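Bear in mind that the values here come from a model prediction, so they are computed numbers and not experimental data.
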Amino acid sequence: MTLAETLAALHAASFPRGWAAHEFESLLANPAYKIVTSGHGFAMLQIIPPEAELITISILPTARKKGHGRALLNQALDAARDAGATSVFLDVDATNTAAIALYQSTGFTEFARRAGYYASDDKTQSDAIQMVLEIPAQSAGK
């Protein structure tokens, strides 16, 4: 199984509409995209310093509510900082209260909304909350 196929399988287990392997292949071909992994999931970032965007974070459903998402998010933020980013942006579904709580507890703040951005299988739509986190530059001792 290729990396793209593995990511697609994990993403499909994490979201109602997971991305296909060819979508991951396209993203992975771009050197601005970085994958951070753990035994329970992965995060994908696009890093173009001084900004980074958290494209997706996927945690296996069986590993949720055990701190794995927070640990993976912190790894992703470290990767962004190490690559020279000082701001990290993301979009999150306004109905995903667990993810919103995680991002807020990490210091992300809402700065805008995209009305009706996400569509579900039952044809309902929900807003995307756009969030940002300013991260301090890497210290000289790191």
Give, for atom [atom1] of [X] and atom [atom2] of [Y], the distance between the pair rounded to the nearest 0.5 Å.
X: Q130; Y: E53; atom1: CD; atom2: CD; result: 9.0 Å
X: L77; Y: I135; atom1: CG; atom2: CD1; result: 6.0 Å
X: L90; Y: I55; atom1: CG; atom2: CD1; result: 9.5 Å
X: E110; Y: I100; atom1: CD; atom2: CD1; result: 8.0 Å
X: L28; Y: L3; atom1: CG; atom2: CG; result: 5.5 Å

ask   = F89 and F108: aromatic ring centres closer than 6.0 Å?
value = no
inquiry  = Can you confirm if the aromatic rings of F42 and F24 lie within a centre distance of less than 6.0 Å?
reply    = yes
message = Would I57 and Y103 count as a side chain to side chain contact (heavy atoms under 4.5 Å, CB included) here? Give the steps.
response = CA-CA 11 Å; I57 185 167; Y103 298 139; 3.2 Å; yes
query = Sub-3.5 Å donor-acceptor pair from the side chain of H40 to the main-chain atoms of A63, do we have one?
reply = no
Minimum side-chain heavy-atom gap [X]-[Y] below 4.5 Å:
X: S126; Y: Y117; answer: no
X: L133; Y: T109; answer: no
X: R70; Y: S105; answer: yes

query = Can a salt bridge be assigned to the pair R114 and D91 using a cut-off of 4.0 Å between side-chain N and carboxylate O?
reply = yes
task = Before accepting this row, confirm whether a basic side-chain N of the pair E23/R17 lies closer than 4.0 Å to the acidic partner's carboxylate O.
result = yes
